[in-house]
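Written out below as structure tokens is the structure these notes cover.
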Amino acid sequence: MRVDRRRFLATGVAAIAVPAQARGSRPQLVVAKPMAAPTWAVMQRRLLDVNAEACEAFYAQYVDDSDRLKVFERWGANDGPDDAAEATNDWFLLHALGGSDRIATLASRFWEGHLKQFTAARTVDVPIAREGMYYREFPVQMDWQHNAEGLTSFNVMGLSRPRDAKLLERTRRYADFYTGRDPTVHNYDIKLRMMRSLLNGSKGPMLREATPLDWVGDPFDPAPFHMEHGETTYRETLDHYADYGDVVGDNPLNLQSTTLGLNAYALGGGEGYRRWALDYLDAWVDRATKNDDILPSYVRPDGTVGEDWWKGVYGWGFSPVVPQTGVREDRNRVPRSITAFMGAVVMTGDLGYIDLWRRQNARINAQMQVVKGVSSAPTMYGAQSWYGWKPGPYRSNGFEIWYMSQRADDRAAAGAHPWLDYLEGRNPAYPEQALAADLARVAERMKTRETDTTTPQTRLADWPIGINPASVTSLVQLMTGGLHIARPPWSKTSPPQGGVPLHCRLRYFDPVARRAGVPADVAALVQAMDGRSTQVMLVNLNPREARSVTVQGGAYAEHRVDSVTLDGRRIATGGRDVTIRLEPGCGTQLTLAMTRYANRPTLDFPWDRV
């Protein structure tokens, strides 16, 4: 079929038909409407570039010639291998958005180097790690708050490298530590649909009470180091974990392991990984339903949930003593597990997995009381019932619930945020403000690096995390309409966490370079979205060369793009993506009608899908 391109160029859009038999060819919509370069677009491209420059300088200073992190190596939840793995957090995500190929290369090199580094690193006193802190390229035994943090980079590698055979093999191996398929590791009880311990890994579960030594690592002098929790002696580091013994039985933090199942499936590993992840998640849905709509934090070793449902490390009743103050601190981490249920929605399209969290919040808010003259909701539960009162209704995870559901009745619980004000038409300055903030963050971290006087013998593995310059929050929000859950800005009740898949409305690909991310010179801005549509502006800043960009629905192509409206013309699509050709110096606004979560997730690039 031939189209009179001249006729459509006059209005700014043309549909070009490409022969179906041309492998990888995709029909394109051509945009030929000149547009003055928007300030936000120039800033966005600048942020992509300065991120890359700063990350390269960081790598040169903190990683050696063998791609190993230059730190004092220790085992422990505070400053162990999981913290080392986080040194290049967001680098793969930066590449998947359109950052330089060099960043992905460095991130890949670092992942391999740190695996070798902590496989070779050994403890003397901590029994489980005497033969290496990693075994089969995975932590020997740790909780899933920390395991997930250590997998922050690994769990988004597939965004840039979906056809990497080594990545698929590794993802399947890691997942099979938890599916029950690996006969040498017994973390998961298939019959009871539960993990056997909070502490687990490539050498299996801990089936005894944990000691502070298990959590802290071998004796050392904290004096030369920055200590995240302010400890000044080794005894204080042990005392921090004095109440961390109750680990036998299942805990909802273990649900973070299901991200490995999602990725194994999306990389082409087979239906079995998806089925396992959903079976385990469904077991927790059943437990919550039978527990008055509250997700329990403790499953007994026999698989039952009883009156002690609130127990366990990081559970509803977990308020350990801070050794420096003698005061108990509430450390309920159950809300973090919502990200596993968000993954279930991606795998199934069933928003019922989010309904559980809405019902839980309603159940907690039903307990509200007047405390010191203020209506307050509880955040904790123990032997004496609810406690941990905070003013106002309970809104933990309210932002995530609304983002997934897009329901009007969930919006209030999402709270106030300038990004939402922008999407809802009340804060037009937000894109430039957000990009400026991330540019400033990169500059600040570069200065911190340049003035850093620590040496490998005076810095722990968690030290470089705070200097890593990669700053992508504004890019994730503005380019993809997505959540940067690793550093959520919307609520103090949504703490930073790692190992989370990318949840977004749109992703971009360069069909010419055959890579993830927007092509060179292209900028993208999601301007509005609701449950059925997304409005995005695309701009080609190059005044001499055209650029083609493929726009996909969702990180995993889980959203179907039903149609595209461009300059008043509605073009039916009905696929997972649409390709736009932007003529030199041209840009446009698109409205994509979408059916969210209509497709099974895949990490295949658009041109590789059948």
Side-chain angles (χ1 to χ4, degrees), residues 12-13 28-53 90 93-101 103 159-160 419 422-423 427-442 470-482 484 502 504-513 515-529 534-553 555 564 566-567 577-592:
V13 57
Q28 299 188 57
L29 302 177
V30 177
V31 173
K33 180 181 291 184
M35 174 181 287
T39 301
W40 64 263
V42 175
M43 294 176 71
Q44 188 179 100
R45 294 303 318 184
R46 178 62 181 154
L47 181 56
L48 286 167
D49 291 341
V50 299
N51 262 307
E53 295 165 8
D90 290 332
L93 191 52
L94 176 63
H95 178 264
L97 292 168
S100 74
D101 287 332
I103 292 304
L159 297 175
S160 293
W419 178 44
Y422 166 70
L423 291 174
N427 187 2
Y430 179 71
E432 293 176 21
Q433 293 170 351
L435 290 162
D438 268 345
L439 284 165
R441 184 175 184 268
V442 174
S471 300
V472 301
T473 298
S474 65
L475 298 175
V476 172
Q477 290 176 349
L478 301 175
M479 295 178 72
T480 76
H484 186 214
L502 175 62
C504 65
R505 188 61 64 88
L506 302 176
R507 265 190 77 198
Y508 307 94
F509 301 86
D510 184 338
V512 176
R515 56 152 288 178
V518 291
D521 306 311
V522 172
L525 177 63
V526 172
Q527 298 172 305
M529 60 186 191
T534 307
Q535 182 176 293
V536 61
M537 179 171 286
L538 299 176
V539 183
N540 177 12
L541 298 176
N542 192 306
R544 292 175 297 276
E545 298 180 8
R547 295 284 186 255
S548 291
V549 56
T550 298
V551 184
Q552 174 181 283
V564 178
L566 177 56
D567 287 341
D577 55 79
V578 61
T579 298
I580 311 294
R581 175 183 169 90
L582 300 165
E583 296 293 346
C586 292
T588 192
Q589 183 185 84
L590 309 171
T591 299
L592 288 73

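Bear in mind that the values here come from a model prediction, so they are computed numbers and not experimental data.
Side-chain atoms of Q477 and Y430 include a donor-acceptor pair closer than 3.5 Å.
A donor-acceptor pair is defined here as one N or O able to donate and one able to accept, closer than 3.5 Å; such a pair exists between the side chain of Y508 and the backbone of M479. When atom types are taken as modelled, the side chain of N542 and the backbone of D521 share no donor-acceptor pair closer than 3.5 angstrom. Remark: the backbone N or O of H95 is paired with a side-chain donor or acceptor of R515 at under 3.5 angstrom. With hydrogens and angles disregarded, no donor-acceptor distance shorter than 3.5 Å links the side chain of R547 to the backbone of I580. In this structure, N51 contributes its side chain and S471 its backbone to a donor-acceptor pair below 3.5 Å.
Among V50, V539, V518, the single residue meeting the side-chain contact (heavy atoms from CB on, under 4.5 Å) criterion with R45 is V518.
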### Task
Decide side chain to side chain contact (heavy atoms under 4.5 Å, CB included) for D90 and H484; before the verdict, give the C-alpha distance in whole Å, the side-chain angles of both, and the deciding distance to 0.1 Å.
CA-CA 10 Å; D90 290 332; H484 186 214; 3.1 Å; yes
### Task
Begin with the C-alpha distance, continue with both residues' side-chain angles, and end with the deciding distance and a verdict on side chain to side chain contact (heavy atoms under 4.5 Å, CB included) for V536 and L506.
CA-CA 9 Å; V536 61; L506 302 176; 3.9 Å; yes
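The two atoms that bring V31 and G587 nearest to each other are CG1-O, 3.6 Å, heavy atoms only. Contact between P584 and N540 at its shortest, heavy atoms only, is CA-ND2, 3.7 Å. Between R507 and L159, the closest heavy-atom pair is NH2-O, 2.7 Å. W40 and A523 get closest at one heavy-atom pair: CZ3-CB, 3.6 Å. Of all heavy-atom pairs between S548 and D510, the closest is O-OD1, 4.3 Å. Contact detail for L93 and V472: the closest heavy-atom pair is CD2-CG2, 4.0 Å.
For A528, the side-chain contact (heavy atoms from CB on, under 4.5 Å) partners two or more places apart in sequence, or in a different chain, are Q535.
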